Amino acid sequence: MGEKVVATRADLSDRQMYRRKLQSCLDALGRMLREDRFDRPKAVMGLEIELNLADDQGLPMLNNGQVLTAIGSADFQTELGRFNIEVNIAPHRLGGHVFEELREEIDTGLRYADRRAEEAGARIVMVGILPTLELDHTGLDAMSHNQRYSLLSDQILAARGEDITLDIKGVEHLQLDSITMVAEAAATSLQLHLQVTPERFSSVWNAAQAICGPQLALGANSPFLFGRELWRETRPVLFQQACDTRSAELKAQGVRPITWFGERWVDSAYDLFEENLKYFPALLPICDDEDPAKVLASGGVPRLGEMRLHNGTIYRWNRPVYDVSGRVPHLRVENRALPAGPTVADTLANAAFYYGVVRVLAEQSRPIWTRLPFERADENFEQAARYGIDAVFQWPRSGRAGRGGGLTTVSAVDLVLNELLPMAYQGLDAWGVEPADRDRYLGIIEQRCLRRTNGASWQSATFHRLREQYGTDRPTAIAAMTRRYMEHMRGGEPVHAWPVG
């Protein structure tokens with residue numbers, strides 16, 4: 001979705017042409033996979049961090065245009081809501097002191113951006129959902145001035161044929177009869193990229209899907225939406241409902257939502273791109289003039305623009321990515337499950353855990369996806385979103401094989417401490433990460449588990465402490481909690497060390 005989108009009404013009406021172009025892109029991808037045309041193995045990682053804008057009182061600021069002008073860096077870009085921006089971190093080799101190098105780079109960049117944003121009256125907040133955001137902040141006038149956003153909003157409403165509604169039951173119940181797509185902008189994410197070869201793609205993607213639940217339980221940081229306390233990580237259910245193209249009838253028929261965990265383990269990246277074409281109608285049916293077959297026949301590398309654009313409108317928690325760099329095509333797994341924040345150190349701890357565990361799970365002789373039914377992985381993800389660090393999962397017993405058998409019930413904390421965290425250490429060693437970096441960032445994960453504290457639990461505990469101790473009303477307590485969050489975030493200490501209240 002980072003591509004520039006320019007369309008006319010005629011472009012948007014030609015779905016048959018777009019469908020043919022999508023098929024030609026898929027055929028070209030299949031040929032490239034068969035002929036081994038992709039980049040050689042590289043241990044390359046990348047990050048994107050979506051950010052919120054708030055004033056010194058913790059209230060949303062809808063001025064990302066002015067903020068981006070003040071920052072003046074191409075690394076910072078718009079997002080859907082005018083209260084959002086995104087920073088893209090250049091790819092790094094996964095090894096050595098990569099996490100400490102990233103900490104310095106991201107911290108320096110965000111502090112500079114925050115100083116410049118302050119000149120425009122805003123401060124940068126790294127949080128999954130800005131707790132003070134209200135429904136009034138998500139009207140169509142709060143959409144960023146970028147044509148692709150308005151086009152996408154129009155197409156979702158047209159496909160749905162009725163108002164977008166929210167009905168989220170968590171600690172409290174939020175029910176709204178009519179919202180705009182801008183409500184989805186409340187959810188800001190951390191995106192972790194890993195370049196993989198075609199041969200390794202399915203193993204890495206399956207491993208990433210399997211640990212979506214545990215990683216989300218550890219990193220939950222979005223317990224409030226529109227003044228209500230909902231799920232510990234409210235982003236997934238917000239994404240699903242706010243971006244839903246289906247009417248009630250289509251839901252009843254089992255039509256798949258565009259925000260989708262998936263329904264099976266895969267054997268190839270091709271499987272996922274094929275599912276995208278098979279199951280999801282085009283939201284932005286915009287064609288370019290490339291003929292992928294002719295480009296391949298001439299020895300060139302096709303952009304596969306229609307496939308990439310279509311792929312960007314489907315919100316998988318682990319998204320397949322086809323890209324071309326230096327005229328060489330490559331594949332990436334883009335992990336999108338995590339929220340932003342709370343701090344740079346917490347963000348890199350989440351990344352270190354993910355890259356370490358995925359490395360080991362992808363190389364196991366008895367892969368996790370042969371022992372964990374896919375539907376259990378999906379249920380684990382929902383449990384993590386609902387309950388955060390207090391979630392309980394179904395997980396394969398050690399030493400037991402067989403799809404659908406040998407599962408046990410285990411808390412997220414026990415699973416991480418006893419099984420996944422040792423894997424993360426092993427995986428980072430395999431990547432060649434320096435022990436000091438490994439120990440620092442995985443130590444943050446360990447402390448979160450031992451103290452049962454992450455961003456979501458801190459937000460909730462602080463909110464309730466303010467309400468109980470001082471008798472403050474709900475909006476005042478949420479705003480005070482948000483200001484304290486912002487202070488601690490800028491201080492840089494990991495969230496497990498923040499005092500409550």
Side-chain angles (χ1 to χ4, degrees), residues 1 50-53 60 62 64 78-86 127-144 146 148-170 172-191 216 220-251 255-261 280-281 283-284 312-317 319 336-340 381-382 385-386 456:
M1 287 303 296
E50 296 171 357
L51 306 162
N52 286 276
L53 300 175
L62 278 66
N64 64 359
T78 59
E79 268 297 320
L80 173 61
R82 290 171 56 204
F83 47 85
N84 298 145
I85 60 174
E86 178 182 82
V127 64
I129 295 175
L130 187 65
T132 52
L133 196 72
E134 295 287 352
L135 184 62
D136 291 345
H137 299 122
T138 62
L140 290 176
D141 59 341
M143 186 180 292
S144 291
N146 186 312
R148 76 177 185 266
Y149 299 134
S150 57
L151 281 170
L152 188 60
S153 176
D154 291 346
Q155 290 297 100
I156 285 177
L157 281 173
R160 184 182 176 88
E162 58 191 55
D163 286 341
I164 299 172
T165 63
L166 288 184
D167 188 358
I168 304 173
K169 296 178 181 178
E172 298 176 294
H173 188 189
L174 177 68
Q175 192 168 21
L176 298 170
D177 292 330
S178 180
I179 61 169
T180 73
M181 186 193 166
V182 184
E184 176 259 308
T188 54
S189 303
L190 167 68
Q191 287 133 43
L216 193 65
N221 194 28
S222 313
F224 292 95
L225 176 64
F226 301 150
R228 292 290 180 266
E229 185 176 4
L230 300 171
W231 293 13
R232 282 297 177 255
E233 186 49 53
T234 307
R235 288 168 46 259
V237 65
L238 172 60
F239 267 118
Q240 182 163 1
Q241 295 187 15
C243 299
D244 203 342
T245 59
R246 304 169 302 164
S247 64
E249 293 80 6
L250 291 178
K251 291 178 188 177
V255 172
R256 297 158 179 85
I258 64 171
T259 301
W260 198 36
F261 187 84
F280 302 104
L283 290 175
L284 297 173
T313 65
I314 299 162
Y315 296 87
R316 295 179 184 269
W317 301 110
R319 177 184 280 169
R336 307 166 54 83
L338 291 171
F381 182 69
E382 181 173 334
R386 285 182 179 274

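Since this is a predicted model, take the numbers as computed values, not measurements.
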Could you grab the distance from atom [atom1] of [X] to atom [atom2] of [Y], nearest 0.5 Å is fine?
X: Phe381; Y: Glu233; atom1: CZ; atom2: CD; answer: 8.0 Å
X: Leu133; Y: Phe83; atom1: CG; atom2: CZ; answer: 4.5 Å
X: Phe226; Y: Thr138; atom1: CZ; atom2: OG1; answer: 4.0 Å
X: His173; Y: Arg228; atom1: NE2; atom2: CZ; answer: 10.5 Å
X: Leu176; Y: Asp163; atom1: CG; atom2: CG; answer: 11.5 Å
X: Glu86; Y: Leu80; atom1: CD; atom2: CG; answer: 12.0 Å

Report yes if some heavy atom in the side chain of [X] is under 4.5 Å from a heavy atom in the side chain of [Y]; otherwise report no.
X: Glu50; Y: Asn84; answer: no
X: Pro236; Y: Phe261; answer: no
X: Thr259; Y: Asp244; answer: no
X: Leu152; Y: Thr313; answer: yes
X: Leu238; Y: Leu230; answer: no
X: Glu79; Y: Thr188; answer: no

Going by the angle between their ring planes, with limits at 30° and 60°, are Trp260 and Phe280 parallel, tilted or perpendicular?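 Correct class here is perpendicular.
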A quick test of your reading: do over 12 heavy atoms of other residues, nucleotides or ligands sit less than 6.0 Å from NZ of Lys251?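 Count over threshold, so yes.
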Nearest heavy atoms of [X] and [Y], plus distance in Å:
X: Leu216; Y: Pro339; result: CD1-CD, 4.2 Å
X: Gly81; Y: Val182; result: CA-CG1, 4.4 Å
X: Ala242; Y: Ile179; result: CB-CD1, 4.1 Å
X: Leu225; Y: Ala186; result: CD1-CB, 4.0 Å
X: Cys243; Y: Ile258; result: O-CD1, 3.1 Å
X: Ala248; Y: Glu162; result: N-OE2, 4.2 Å

Donor-acceptor pair, [X] side chain versus [Y] backbone, under 3.5 Å?
X: Trp231; Y: Lys169; value: yes
X: Asn52; Y: Val127; value: yes
X: Thr234; Y: Ser222; value: yes
X: Glu229; Y: Glu172; value: no
X: Arg160; Y: Arg246; value: yes
X: Thr165; Y: Ser178; value: no
X: Arg316; Y: Arg336; value: no
X: Arg235; Y: Leu338; value: yes

Check: Asn64/Thr78 side-chain N/O donor and acceptor closer than 3.5 Å: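 There is no such pair (donor and acceptor under 3.5 Å, judged by atom type) between the side chains of Asn64 and Thr78.
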Distance alone, cut at 3.5 Å: any donor-acceptor contact between the side chains of Ser189 and Gln191?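 Their side chains do not contain a donor-acceptor pair, so the 3.5 Å distance test is not met.
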